[in-house]
Amino acid sequence: IPWQDVLEAMTGSRDMSTLPLQEFFKPLITYLTAENTKNDEFIGWDINWKPPETPPQVQESLKSAAFDLEARANVSKFDWTNFDPDVMRQLQKIYYIGSSALEGDDLIEYENILADMEQIYSTAKVCESESICIPLDPDLTRLMATSRDYDELKWAWEGWRRETGPEMKDMYENFVTLANKAAKVNDQPDMGAYWRSWYEVDDLKADSMRLWEQLRPFYEQLHAYVRGRLSEHYGESLVDPKRPIPAHLLGNMWAQSWGNILDLVLPYPGKTSIDVTPALVDQGYDALRMFNISEEFFTSLGLIPSPQSFWDDTMFVKPTDGRDVVCHASAWDFYNAKDIRIKMCTSINMEDLITIHHEMGHTQYFLQYKDQPVVYRRGANPGFHEAVGDLLALSVSTPDHLHQIGLLDTVEDDAEADINFLMSMALDKIAFLPFGLLMDLWRWDVFEGLTTKDSYTEAWWKLRNDIQGVEAPVERSDEAGHFDPGAKYHIPGNTPYIRYFISHVLQFQMHRSLCETAGNTRSLHQCDIYRSKEAGKKLGDMLKLGSSKKWPEALEAITGSREMDASAIVDYFKPLMTWLEEKNEEKGYVVGWSDTGITMKPTTMVTVMLAVCTSWLMAV
Ligand SMILES: CC(=O)N[C@@H](CC(=O)O)C(=O)NC[C@H](CC1(C(=O)N[C@@H](Cc2ccc(O)cc2)C(=O)O)CCCC1)C(=O)O
Ligand SMILES: [Zn+2]
């Protein structure tokens with residue numbers, strides 16, 4: 001409560017007053033006044049007065065004494081600029097507490113809306129019949145990954161959006177109002193600005209768009225090839241080779257990673273498979289054993305082993321006692337420098353093996369910064385926290401590494417096998433970029449008030465079209481009560497998302513540097529830092545910083561650069577990009593997309609322009 005209330009409780013007055021102090025010293029003040037008058041002392045000080053010349057050595061001691069006094073005086077003035085910068089940084093992080101700054105009913109309503117939306121999302125099921133209803137995890141996820149039936153996929157895709165979004169739509173509008181109210185208490189104009197403030201850069205949106213512009217040409221090449229192959233598989237009537245790709249055909253409920261349709265777009269089908277799911281199943285892997293693969297990779301680098309409490313308390317698989325749990329994987333720091341846990345409904349497949357590494361990247365960060373002040377127990381920026389696990393998974397995913405740990409029996413090291421591997425990586429890493437970007441482009445506009453409830457879905461599909469080049473397989477509209485953003489965990493879960501886009505740039509930058517540290521001599525996409533204590537030391541030292549330093553310093557500790565830079569991901573995928581440009585040209589796959597479906601290749605465009613100009617000149 002405000003100090004005035006405390007003062008009033010003690011003294012009955014709400015104002016500070018000097019009267020008691022004067023009363024306390026009254027006798028002395030009377031005496032001094034009389035004495036000074038008697039001795040005709042000069043009261044106060046005359047700024048033109050100069051002390052008599054003091055001998056040099058006395059001057060020196062006076063100066064040093066004055067300096068100390070000055071320094072002490074400054075601190076006692078509680079002058080922020082004079083505080084130790086680290087104290088300033090800690091105070092700032094203590095002061096800005098996000099949504100916790102809401103008071104009373106606002107805070108209760110805010111928490112209730114979040115709980116209600118989370119409840120809708122985590123219990124939603126799509127019913128095939130009166131008695132059979134299937135949840136997202138694992139059933140709908142598996143269907144979206146494995147079905148190749150256009151209509152079955154559409155049924156699951158549309159059903160999931162029907163069971164989640166509409167019921168949340170009004171809640172979300174109220175949620176945004178309260179979130180923005182909290183942002184203002186944190187000295188931010190809206191919640192999106194508050195989230196972006198964690199990156200401590202002038203314009204995170206501009207930085208993100210700049211990175212995207214560098215990467216978009218590569219995405220367009222991949223998009224063109226995948227659309228071409230899907231169009232051949234499903235037929236042009238279902239997949240128009242010039243339009244955005246129907247969003248339900250990409251192996252994922254949100255089309256955010258396309259790894260599950262590798263079989264439909266594999267460049268060289270004759271080569272040995274690099275999907276280890278069959279091996280995991282055949283070798284009888286269970287969740288715990290998959291976690292141990294990840295644990296062993298981390299400790300091979302000399303990183304910190306997971307404590308026994310982690311193994312005791314982690315939820316590895318979906319409970320079979322009927323409890324409704326939030327199956328969306330997550331890693332938890334209990335901020336007691338001891339307890340860390342993961343909660344995950346692990347399936348026995350490659351995708352979840354990678355997810356396990358992602359989650360253990362979080363718990364490794366928790367372990368590394370556990371001795372920092374609590375306010376510093378965070379990523380250098382949120383993108384760093386998301387990059388750690390994926391960074392190590394870049395080494396684990398290489399065919400050679402998978403072979404080394406017995407999950408691939410043969411590995412072919414030739415150009416075609418390389419392209420197949422790069423394609424499998426691109427279907428996750430390159431395909432993810434536009435989605436990782438558009439999630440918060442949509443949300444930042446909503447928090448800023450540029451997108452209001454009556455256009456939530458319209459704005460969402462405009463971004464999905466423009467940025468990601470995918471479109472809904474069925475009509476979507478706000479008028480119909482749709483709220484498709486609500487079908488993605490992080491919207492009702494209110495988890496910021498740009499961190500994943502940033503992570504997808506950072507993880508390749510760090511991979512390139514750690515590969516150098518580990519003495520890698522092969523191509524970047526073949527690099528495996530397994531067992532490199534030097535690489536592990538570099539990574540560990542950066543992780544120990546937590547958020548105690550601004551993130552460019554943390555990035556510099558690993559890469560030597562203070563800038564986020566997309567050149568590493570471009571280097572990694574270079575061989576595939578060259579291959580895609582040639583293949584798209586050779587197969588006549590159109591690059592890019594537009595709503596009208598009329599897209600011309602640049603060469604055609606130029607021809608048309610020339611024809612127009614010539615005819616115009618002739619006329620003139
Ligand atoms: C207490 C708490 O909240 N803890 C945080 C961690 C922390 O902040 O300390 C946490 O556990 N968040 C959960 C979230 C889970 C996953 C996720 O949501 N992934 C995104 C995007 C994505 C896509 C590709 C990729 O390679 C990596 C991520 C999605 O699935 O869309 C699901 C599986 C993977 C990661 C996570 O781990 O980030
Ligand atoms: Zn994460």
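Here, residue 1 is the first one in the sequence, and each next residue gets the next number. Start at 1 and go down the list; that is how both ligands and their atoms are numbered.
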Distance filter under 4.0 Å to D390 heavy atoms, resulting ligand 1 atoms:
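So the answer, numbered in order with elements, is 25 (C), 26 (O), 27 (C).
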
Proximal ligand 1 atoms for Q256, defined as those under 4.0 Å from one of its heavy atoms
23 (C), 29 (C), 30 (O), 31 (O)

Selection from C327, A331, G361 by shortest heavy-atom distance to atom 11 (O) of ligand 1
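Among C327, A331, G361, the closest heavy atom to atom 11 (O) of ligand 1 comes from A331.
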
Name all residues meeting the ring pair (Phe, Tyr, Trp, His ring centres under 6.0 Å) criterion together with H504; count only those two or more places apart in sequence or in a different chain, and write none if there are none.
F432

Give a yes-or-no answer on whether the side chains of D312 and Q308 include a donor-acceptor pair shorter than 3.5 Å.
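Checked: D312/Q308 side chains pair up, N/O donor to acceptor below 3.5 Å.
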
Is the NZ or CZ atom of R216 positioned over Y219's six-membered ring, under 6.0 angstrom from the centre and within 45° of the axis?
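No, cation not above the ring by the 6.0 Å, 45° rule.
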
Does R162 qualify as a cation-pi partner of W160, given the criterion of NZ or CZ under 6.0 Å from the six-membered ring centre and within 45 degrees of its axis?
no

Backbone or side chain, does E359 get an N/O/S atom under 2.8 Å to the Zn ion (ligand 2)?
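Short answer: no, not a single N, O or S atom is under the cut-off.
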
Strictly under 2.8 Å, is any N, O or S atom of H358 next to the Zn ion (ligand 2)?
yes

Keeping to residues at least two apart or across chains, list the ring-ring contact (aromatic ring centres under 6.0 Å, His included) pairs with something in residues 374-397.
H362-H385, Y365-H385, F366-H385, Y369-H385

Less than 4.0 Å is my threshold; does some heavy atom of F366 fall inside it relative to ligand 1?
yes

Could you establish whether F435 and ligand 1 come within less than 4.0 Å of each other, counting only heavy atoms on the residue side?
no

Atom of E386 nearest the Zn ion (ligand 2) (restricted to N/O/S, atom name only):
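Going through the N, O and S atoms of E386 one by one, OE1 ends up nearest to the Zn ion (ligand 2).
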
For the pair K462 and D445, find out whether any cationic side-chain nitrogen is under 4.0 Å from an anionic carboxylate oxygen.
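Not counted as a salt bridge, because no side-chain N and carboxylate O are separated by less than 4.0 Å.
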
